[in-house]
Amino acid sequence: MNTTNKKDTDPDILQSKVDIILELEEDLIFILNRGGLITKVNSNGLQMLEFKEVDILNHHIVDLIATKHKEEAMKAFNDLIEGKPELTFEVSFYSYRGKEILFDINAKPVYQNGKMSEIILVGKNITHLREITDEIENLKIKLIEANRLISIERQRANQRKSLLDELNKMKSEFVSNISHELRTPLASIIGFSETIDSDPDMPDEMKSEFNSTILNEGKRLARLINDILDISKLEGGKIEIVKLKFDAIEMLNEVIQAHIKSAQAKNIAVTSDFPEEEIIIEGDKERIIQTMGRLLNNAIKFTNEKGRIKIIAKNLFNEIEIVISDTGIGIPEIDLPYIFQKFYRVNRPGTEIAGTGLGLVFVKQIVDLHKGFIRVQSEAGKGTTFAIKLPKKNL
Ligand code: ADP
């Protein structure tokens with residue numbers, strides 16, 4: 001009955017069982033002596049590392065370990081020698097052809113008579129696994145980058161869309177403003193003409209008053225249509241600048257005279273501060289008159305009753321500076337960068353100040369054509385100042 005037991009403990013039988021287990025094992029197995037020399041390696045291990053047994057037996061394990069992992073592996077072996085019961089770590093071995101093969105190592109010391117005699121290493125080849133996880137990591141990084149680019153593109157598309165929406169909104173606002181602006185004078189022209197027509201006994205005085213309203217409204221209509229045509233001509237580069245020498249002070253006085261009635265109608269005081277002498281400049285007098293007229297007209301339009309408007313002219317060395325300031329409703333800081341853009345109008349809910357958002361576009365274009373410079377300063381509720389510099393000798 002004891003024969004089996006005897007056989008089990010027979011060293012030869014035990015050795016051949018161990019050999020069979022070693023050969024059947026899919027992973028790499030190294031048996032090292034206390035000094036770290038390889039005393040046994042299984043054939044799958046040899047196959048993975050492309051070595052023959054003679055190349056490897058009695059070599060120190062450290063010789064096989066890739067440089068980058070040597071220090072870490074030495075530390076692990078020392079820990080085992082010093083009594084650690086088990087250790088796992090990753091290590092790359094050099095194959096016969098110098099390729100690095102990564103293993104996940106499980107190491108256990110073998111004790112004999114209380115002393116460590118050998119170390120058994122079982123290593124799972126994780127090179128392929130690592131390549132896959134590295135690939136996944138790379139893909140993840142690429143995916144994050146792709147997502148970042150997609151979100152940038154999405155943001156850009158949204159910006160483009162909101163810009164287009166804004167442009168469309170501005171266009172439809174412009175069409176509705178223009179229609180309103182055209183309809184208002186037309187309605188008075190038609191209304192007053194019909195009244196005159198339907199009342200043959202209308203007193204002459206009243207008839208002449210109505211006629212003058214019709215004339216004014218007709219002029220306003222013509223002005224508006226000219227505005228639209230001017231802007232489209234300016235935009236197409238078709239506008240012609242007629243250069244003439246003229247006195248800018250006289251021109252400014254003309255502009256003030258042309259607007260004084262509408263200022264007085266709102267009890268707005270218009271004052272000027274001009275030098276005694278003439279300031280002769282070269283430029284398109286008509287266009288500059290229109291430009292100053294538009295600025296003064298805006299100052300009156302956006303200033304409440306009893307406000308003040310001041311026009312200053314300065315005779316500088318090569319240029320003239322004209323400053324128009326008002327104590328009006330001002331332009332909010334947020335709108336200031338846009339006021340020279342076509343169709344841009346400050347949104348003032350609850351107020352109905354007529355306009356097309358074209359006046360300042362015209363002003364800026366004319367100043368630019370004269371190689372001049374315009375700037376604006378404003379504070380909501382306090383007032384606005386437009387300053388223009390024009391070279392005295394043009395082009
Ligand atoms: P609009 O025909 O609407 O007056 P403009 O191009 O002349 O067009 O002006 C653009 C906008 O700038 C106006 O809608 C107005 O809100 C603002 N603005 C221009 N001048 C003044 C001013 N002196 N005071 C306050 N706001 C002004």
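As the structure lists them, so they are numbered: ligands from 1, and atoms in each ligand from 1. It should be emphasised that the depicted structure is a prediction, and the values quoted were computed from it without experimental measurement.
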With sequence neighbours left out, the residues meeting side-chain hydrogen bond (donor to acceptor under 3.5 Å, both in side chains) with Thr127 are Asn125
Under 4.0 Å from one or more heavy atoms of Leu360, ligand 1 contributes atoms 5 (P), 6 (O), 7 (O), 9 (O), 10 (C), 12 (O), 19 (C)
Can I get a per-line list of side-chain donor-acceptor pairs under 3.5 Å for residues 252-259, giving both atom names and the distance, sequence neighbours left out?
residue: Asn253; atom: ND2; partner: Ile249; partner atom: O; Å: 3.3
residue: His259; atom: ND1; partner: Val255; partner atom: O; Å: 3.0
residue: His259; atom: NE2; partner: Gly293; partner atom: O; Å: 3.4

Distance-only N or O hit between ligand 1 and Gly359, under 3.5 Å: yes
| Any Lys/Arg nitrogen of Glu153 or Arg156 sitting under 4.0 Å from an Asp/Glu carboxylate oxygen of the other? | yes
Hey, is Gly328 one of the residues with a heavy atom under 4.0 angstrom from ligand 1? no
Which of Leu32, Ile120, Ile119, Ile31 passes side chain to side chain contact (heavy atoms under 4.5 Å, CB included) with Val110? It is Ile120
Nearest non-hydrogen contact to atom 20 (N) of ligand 1 from the set Asp326, Asn347, Asn298, Asn297 belongs to Asn298
task = Determine whether Arg160 and Leu163 make a side-chain contact, defined as any pair of heavy atoms from C-beta on separated by less than 4.5 Å.
result = no
Review point. Distance under 6.0 Å and angle within 45° of the ring axis: does Arg375 meet both against Phe386?
Key: no
Quick note on ligand 1: atoms under 4.0 Å from a heavy atom of Leu358 include exactly 6 (O), 8 (O)
Short N-O contact, Lys124 and Asp27, less than 4.0 angstrom = yes
Per-atom filter on ligand 1: closer than 4.0 angstrom to a heavy atom of Tyr344 are 10 (C), 11 (C)
### Query
Taking everything shown except Glu50 itself, do over 12 heavy atoms lie less than 6.0 Å from its CD?
yes
Within 4.0 Å of some non-hydrogen atom of Arg348, the atoms of ligand 1 are 15 (C), 16 (O), 25 (C), 26 (N)
Numbered in order shown, the ligand 1 atoms found under 4.0 Å of a heavy atom of Ile331 are 18 (N), 25 (C), 26 (N), 27 (C)
If we number the atoms of ligand 1 from 1 as shown, the ones under 4.0 Å from a heavy atom of Ile339 are 12 (O)
TODO: Return yes when Phe386 approaches ligand 1 closer than 4.0 angstrom through a heavy atom, no otherwise.
DONE: yes
query: Taking His69 for the side chain and Ser92 for the main chain, is one N or O donor matched with an acceptor at less than 3.5 Å?
result: yes
The answer for which part of Thr384 has a heavy atom under 4.0 Å from ligand 1 is side chain
Less than 4.0 Å is my threshold; does some heavy atom of Lys301 fall inside it relative to ligand 1? yes
Are any of the N or O atoms of Arg345 closer than 3.5 Å to those of ligand 1?
yes
